[in-house]
There are 2 protein chains.
Amino acid sequence: MRPAPVACVPVRLVIARCSVDYGGRLSAHLPSAIRLILIKADGSVAVHSDDRAYKPLNWMSPPCTLIADGPQWTVRHDKTGDALVITIEEILHESRHKLGVDPGLQKDGVEAHLQRLLAEQIETLGGGFRLVRREFPTAIGPVDILARDANGVAVAVEIKRRGEIDGVEQLTRYLGLLNRDPLLAPVRGVFAAQEIKPQARVLAVDRGIECLTLDYDALRGFDDPSTRLF
Amino acid sequence: MRPAPVACVPVRLVIARCSVDYGGRLSAHLPSAIRLILIKADGSVAVHSDDRAYKPLNWMSPPCTLIADGPQWTVRHDKTGDALVITIEEILHESRHKLGVDPGLQKDGVEAHLQRLLAEQIETLGGGFRLVRREFPTAIGPVDILARDANGVAVAVEIKRRGEIDGVEQLTRYLGLLNRDPLLAPVRGVFAAQEIKPQARVLAVDRGIECLTLDYDALRGFDDPSTRLF
DNA sequence: GTATTTATTTCGTGC
DNA sequence: GCACGAAGTAAATAC
């Protein structure tokens, strides 16, 4: 778990003519030039030129402490002692902005996207399959996909990018619960993942759960591109 | 060679409430929040929260093109077609700044530097050692240093900052090849690194490879320290 | 917790 | 231009 950013400390943007020295695992020097200095609420300091994409010319990662002694700003790593020394010659712009806590990135090449693709192409599970719903609610959390097979039998699908034992355990818990519902029981279980670990497969088969290896590219190929943002 | 930044295009700093979608090798989504959008002269766009150090939440690397259609900013990669869609809800700050061309980072202390220092001070390996050449070519790649010891026996040196097992494997392959050459065989092997992992050391010794821990500061001591900050 | 593998890796170097 | 290795790799995952 990454430490929560201190929301009351604003991000600080400084445009300045400066030179920079770094001493740590390596030594490095930046001659004088106008650069962007980005000081984040997490304490990190990054010195950017207007090229090399998102990567700074030099930086210090948290946990670190910035001490400004006149025009000499020293950023020292709290643990390793690595130091970044920024010598400010002229400040051309400075502003501070409160960003607040970020909800963070939702990566989707992962489970959620696989879930959507599989729901759209439910017959990947077998001919005659029909989707009941995604995120089918249960008392212990939502099942990724609930479907009915060609015979009308309920099928609970747990989707993972990489199928491991805990995913099988999770699906087992859902199946135990769903099978208590007379409107659903008996419920088949399908464990679907891009890659299923041998141990997980053994456990699944032992519990009567079927395994399905998902071909992400193939699923994406059948996708209707007109319905997507990209 | 990276394309020269277009100096007349200023870096652009935007603080905005926005949501972001990315579609490329993976799909990703950022829910609405206040973030820093950094648009550099090289065309790159980076969306930062005020944590996770220098790494943006999401970004697009050059060469790419930003097209602003009202509040929807689409950054499309010119070659792969990957797209970053930033939906702007509110702009809280915007400024542009001309940085000019950056003289760039002068690095010091990586493998290449260790190699140079050791080649210059080849007697670190033992009295009477002579350098044959750096980057001595073989069919499977160049050996970092080839030398002769005081008895004229060939010595192949593999240099790493951190000595791990794969470095020993690499040197082993070189030695196997070099020892087939009657002009060189028998060839001694030396595995030199600032830090050698115990497993790597055991493997090296087992294969008759000598280990040498490099003292970077001592090697550098022969260098003129007055020109350095650290 | 440590060790190993991945990455929208990025970045440099040699061919 | 492409293949390969290194990175102040960092971050996620296996054990």
Side-chain angles (χ1 to χ4, degrees), chain A residues 1-2 20-29 44-47 51-62 64 75 77 79-84 104-105 107-110 113 160-167 194-195 197-200 230, chain B residues 1-2 20-30 42 44-47 51-62 64 75-77 79-84 104-105 107-115 134-135 137-142 144 158-167 169-170 193-195 197-200 216 230:
Chain A
M1 190 62 138
R2 141 185 349 108
V20 182
D21 286 277
Y22 170 80
R25 297 213 189 159
L26 56 69
S27 298
H29 175 71
S44 67
V45 177
V47 180
D51 62 349
R52 40 192 91 194
Y54 72 75
K55 194 163 193 190
L57 290 160
N58 216 326
W59 71 93
M60 187 64 69
S61 299
C64 61
V75 190
H77 196 276
K79 296 186 174 171
T80 65
D82 291 12
L84 189 69
L105 188 66
K107 278 192 184 178
D108 208 23
V110 279
H113 197 212
K160 294 287 178 199
R161 190 163 64 85
R162 279 180 296 194
E164 293 167 30
I165 280 180
D166 58 352
Q194 281 186 280
E195 179 200 348
K197 293 286 164 73
Q199 290 180 329
F230 302 103
Chain B
M1 190 58 150
R2 126 182 7 104
V20 181
D21 287 277
Y22 171 81
R25 295 205 192 167
L26 57 71
S27 298
H29 175 70
L30 285 170
D42 63 2
S44 67
V45 177
V47 180
D51 62 349
R52 41 194 95 190
Y54 68 76
K55 195 165 189 188
L57 289 161
N58 216 325
W59 71 93
M60 186 63 69
S61 299
C64 61
V75 190
R76 192 169 287 279
H77 195 277
K79 295 186 175 173
T80 65
D82 290 12
L84 188 70
L105 188 66
K107 273 192 194 179
D108 203 13
V110 280
E111 186 181 323
H113 198 219
L114 284 170
Q115 188 191 117
R134 287 167 57 187
E135 301 285 348
T138 78
I140 55 172
D144 288 341
E158 177 64 32
I159 299 169
K160 294 285 178 200
R161 191 165 64 82
R162 281 181 298 192
E164 293 171 27
I165 281 180
D166 58 351
E169 299 285 10
Q170 192 179 348
Q194 282 187 278
E195 180 201 348
K197 293 284 166 72
Q199 290 180 329
Y216 182 58
F230 299 101

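None of the values given here were measured: they were computed from a predicted structure. Chain letters run A, B, ... following the sequence lines, proteins first and then strands; every chain starts at 1.
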Please list each protein N or O that sits under 3.5 Å from an N or O in nucleotides 1-5 of chain C, with the distance.
none

In whole Å, what is the span from the CZ atom of B:R52 to the C1' atom of D:dA11?
11 Å
Aro-ring/base stack B:Y54-D:dA10, d under 5.5 Å, angle under 30°
no
Exercise: identify the closest heavy-atom pair between A:C64 and A:H77:
CB-CA, 3.8 Å
Please check this pair: side chain of B:R76 against backbone of B:G81, looking for a donor-acceptor N/O pair closer than 3.5 Å.
yes
Which part of the nucleic acid does A:M60 contact within heavy-atom distance under 4.0 Å: base, sugar-phosphate only, or nothing?
base
Rounded distance (Å) that lies between atom C1' of D:dT13 and atom CZ of A:R161
9 Å
Test of understanding: with side chain to side chain contact (heavy atoms under 4.5 Å, CB included), list the residues that count as partners of A:Q199, not counting sequence neighbours.
A:I165
Taking the side chain as every heavy atom from C-beta outward, state whether A:R162 and A:K160 have any pair of such atoms under 4.5 Å apart.
no
Roughly how many Å apart are D:dT13 and C:dT9, using the P atom of each and rounding to a whole number?
16 Å
Strictly below 4.0 Å: does B:K160 bring a side-chain N or O up to OP1 or OP2 of D:dA6?
yes
Taking CG from B:D144 and C1' from C:dT13, how many angstroms apart are they, rounded to a whole number?
13 Å
Tell me whether the OP1 or OP2 atom of C:dA7 has a side-chain N or O from B:K55 closer than 4.0 Å.
no
Atom CD of A:E195 and atom C1' of D:dA12: how far apart are they, to the nearest Å?
14 Å
Rounding to a whole Å, what distance do you find between A:N58:CG and C:dC11:P?
13 Å
Between atom NZ in B:K79 and atom C1' in D:dC2, what is the gap in whole Å?
13 Å
What pairs with A:H29 under side chain to side chain contact (heavy atoms under 4.5 Å, CB included), at least two apart in sequence or on another chain?
A:D21, A:P31, B:Q106
Dot-bracket pairing map - DNA chain C, Watson-Crick plus G-U, both contacts under 3.5 Å, | cross-strand:
|||||||.|||||||
From CD of B:E135 across to P of C:dG14 the rounded distance in Å is 7 Å
Minimum heavy-atom distance between A:K197 and A:E195, given as atom pair plus value
CE-OE2, 3.4 Å
Suppose we screen for salt bridge (Lys or Arg N to Asp or Glu O under 4.0 Å). Which residues come up paired with B:E169, at least two apart in sequence or across chains?
B:R207
Please enumerate all residues that pass side chain to side chain contact (heavy atoms under 4.5 Å, CB included) together with B:P62, with sequence neighbours excluded.
A:A53, B:D42, B:S44
Just how far, in rounded Å, is P of D:dA10 from CG of B:L57?
18 Å
Relative to the 5' end of DNA chain D, which residue comes earlier, A:K197 or A:D82, by the nucleotide with the nearest heavy atom?
A:D82
Nearest nucleotide by nearest heavy atom, which residue falls closer to the 5' end of DNA chain C, A:A53 or A:L105?
A:L105
Side chains of A:Y22 and A:D82, heavy atoms from C-beta outward: is any pair under 4.5 Å?
yes
When you check the phosphate oxygens OP1 and OP2 of D:dG8, does a side-chain N or O of A:S61 lie under 4.0 Å from one of them?
no
Sticking with atom P, work out how far C:dA3 lies from D:dG8, rounded to a whole angstrom.
22 Å
Do the side chains of A:N58 and A:L84 get nearer than 4.5 Å, heavy atoms only?
yes
